[in-house]
2 protein chains.
Amino acid sequence: VQAHKDREGELEPLRWEESGYLVLLDQRKLPGEISYVSCEDYQAVVRAIRDMQVRGAPAIGTAAAYGMVLAALGFRGGDVEGFYDSLAEAADRLKSTRPTAINLAWAVERMFRKALALKRESLESGDFLKVKAALLEEAHAIAREDVEANKRIGELGAGLIASGESILTHCNAGALATVGYGTALGILRSAAAQGKVARVYACETRPLLQGARLTALELSREGIPVTVITDNMAGYVMRKGLVNRVVVGADRIAGNGDVANKVGTYTLAVLAKTHGLPFYVAAPTSTIDLGCRTGEEIPIEQRPASEVTHICGRRVVPEGVDVLNPAFDVTPHELVSAIITERGIAREPYVETLKRLVNPQIFDQGGHRGCQGF
Amino acid sequence: VQAHKDREGELEPLRWEESGYLVLLDQRKLPGEISYVSCEDYQAVVRAIRDMQVRGAPAIGTAAAYGMVLAALGFRGGDVEGFYDSLAEAADRLKSTRPTAINLAWAVERMFRKALALKRESLESGDFLKVKAALLEEAHAIAREDVEANKRIGELGAGLIASGESILTHCNAGALATVGYGTALGILRSAAAQGKVARVYACETRPLLQGARLTALELSREGIPVTVITDNMAGYVMRKGLVNRVVVGADRIAGNGDVANKVGTYTLAVLAKTHGLPFYVAAPTSTIDLGCRTGEEIPIEQRPASEVTHICGRRVVPEGVDVLNPAFDVTPHELVSAIITERGIAREPYVETLKRLVNPQIFDQGGHRGCQGF
């Protein structure tokens, strides 16, 4: 793994190099240092996702898709069963890195299905040239679709924001959490381009400070006024009347509209409800998991204690004291005013509206109850 | 200002040395380092309060009382008017260090009144021996009364806690925030001594991490099970059913029961209400300010931006990005289940019950509506 400095100053969370490797922006080092790591095999992608050099549900999904490409490119020999076994192992290892974000499993399984569809051709040709090329094309498609979806989410969501409003967001659901443009921040970018956004309040988002480090960086680079607050100031800011709406991303959305997102999201949703503020979730449809009936079924990743006990390498919690470190929490659908996807805006009853968004083909185009933007 | 290491390992927030100076535990350096600073004049006390080497409403009140002693001891010459002018100046400087906690003004004004009551004797004797001795005795009384009040608060509050319960607290309202024993943590100490406390959840309390650094240290030293969470995990912990009650301290309580306390308290009160959990405020009656009709009238201190932008000396918020840093927020009385003082437990209607606690002599001992524990 080599690291090189960015020359143009542009922040790309990930890019594929034609010579056959994946380059990831090391997000742990922002905003102090802009440096990249190169992943030349899928194991390097596994490590980068687990250690959160790359983070954000859509970004880790796309990184894992390229991880599948690296697994295919790295296979030596001509044994077709061996090739597919090695792809299956890579898929398992990639999916197991972080359990909550469904985009990861979604992207890896899409890649594996693509490979499987070409198994007969591999058996016939006796090589993997076609499947390797197809996997790279599929990963590129996932990356391209992500940016397109985010732009559409941005357009749809900007329509919900009125002129002169200030918006509160949590963690980083921006360009850095995706392949580009961002989900929640995509909406803020679109709304800002329409001159609507007075100010964004970014919760710093302990323990890893993605709001302070990443969201503030993205927005200030675009000239959007941004104020960072500690997470416990959200109530103060709302009670003072400083914000009009809350917009966040999502790591997994259950069939009933319950939303798993960065820990602290649930608290913001409760506060928004108390203050009568709309609470929006922005995510591509790949984040919706109809296999989870409710948020209770979403596995919540517990991260290492050291993320809470130490800050910048210095111990702030005394030795021997317990800590909790759930990376996510679940916001119940009753607190979610709308879920903004690239295919439309879902509202209650989510059990119905989310099904329509995920499988638009199996519904007639008659009654759009609860859905907008088709 | 000299610093010396603690030998016995005991954590005393402040102590008066017989040779005529005040020693303060430097709380900014905990838990990594236990060191003390000596204040030999009142200006050193002003700096220590402003820079938060000593913090916590009762502790800064008592430190300021000793600051008044140092101002008196430091006066040179025999000019009586000059002496009282210099005391008035010290009082103003001490009171202006931190505007929110009323205990500071309360203690300084009590000291000044004590001095004024002896002005005639100073004029007659032509020296200040008597007033200096009386001021030192008054400061000792404030310190002694604080510990006594906290023990009584602890006893009364422990009666509200049932066996096997887990309690959430915020910031540090412990021995370190007072002269000893603590207010909110006094209740937890008393309840733990009765074997009632299963676990304490301590919010880390950004930006200065008093919960992680100080509360966790105090409780773990006493063998009370404690788990530190980041502030944004409070909703997660409540929704999981891990806590039964919330107990916090206060920096100023308005006549209607609105409570100014460390920023983030209001968010916890909203969450407690949403989850049907009792929300208690523990404070001595010196924290009640009947001069403030509602929380709207309580001045909220804005602290330096660097407390949010930097952690352990490292910049985490990009250059040029705005931050907010209110040190406190106001929790409206509707969200406060009870206010536990050394004179009794107040409940709604606070306008009536707090008046009775502050001025018990002007009420008949007949109807204790809303008050308990007299």
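Residue numbering restarts at 1 for every chain, and letters A, B, ... go by the order of the sequence lines.
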**Item:** Which atoms of H310(B) approach chain A - backbone, side chain, both or neither, heavy atom under 4.5 Å
**Value:** neither

**Asked** Where does L209(B) contact chain A at under 4.5 Å (heavy atoms): side chain, backbone, both or neither?
**Response** side chain

**Atom group of E204(B) that falls short of 4.5 Å from chain A, counting heavy atoms** = side chain

**Request:** Report yes if some heavy atom in the side chain of N232(B) is under 4.5 Å from a heavy atom in the side chain of K262(A); otherwise report no.
**Result:** no

**Heavy atoms from other residues, nucleotides or ligands near CZ of R28(A) exceed 12 (cutoff 6.0 Å)** = yes

**Request:** Output the option from S220(A), G313(A), P225(A), A216(A) having the highest count of non-hydrogen pairs under 4.5 Å with chain B.
**Result:** A216(A)

**Complete:** Assert top hit (heavy-atom pairs under 4.5 Å, partner chain B, pool D329(A), V226(A), L217(A)) equals V226(A)

**chain A contact via Y201(B) - which portion, at a heavy-atom distance below 4.5 Å** = side chain

**Prompt:** Relative to chain A, which segment of Y266(B) carries a heavy atom at a distance below 4.5 Å: side chain, backbone, both, or neither?
**Reply:** side chain

**Complete:** Most heavy-atom pairs under 4.5 Å with chain B, out of P318(A), A305(A), G320(A), belong to P318(A)

**Message:** Just so I know, are the side chains of V317(A) and R213(B) near enough to count as touching, which here means a heavy-atom distance under 4.5 Å?
**Reply:** no

**Prompt:** Hey, what do you get for OG1 (T267(A)) to CG (L268(B)), rounding to the nearest 0.5 Å?
**Reply:** 8.5 Å

**Prompt:** Looking at CG of L324(A) and NZ of K240(B), how far apart are the two atoms once the value is rounded to the nearest 0.5 Å?
**Reply:** 10.0 Å

**Request:** Can you tell which part of D231(B) gets under 4.5 Å to a heavy atom of chain A, answering side chain, backbone, both or neither?
**Result:** side chain

**Prompt:** Which answer fits L242(B), side chain, backbone, both or neither, if we ask what part of it has an atom under 4.5 Å from a heavy atom of chain A?
**Reply:** side chain

**Prompt:** For the atom pair CD1 (I229(B)) and CG (D322(A)), what is the distance rounded to the nearest 0.5 Å?
**Reply:** 12.5 Å

**Asked** In Å and rounded to the nearest 0.5 Å, what is the OG1 to CZ distance from T331(B) to R239(A)?
**Response** 8.0 Å

**Request:** Under 4.5 Å heavy-atom distance to chain B, tell me which part of R206(A) shows up: side chain, backbone, both or neither.
**Result:** both

**When T230(A), V228(A), T309(A), N325(A) are compared by non-hydrogen pairs under 4.5 Å with chain B, the top option** = V228(A)

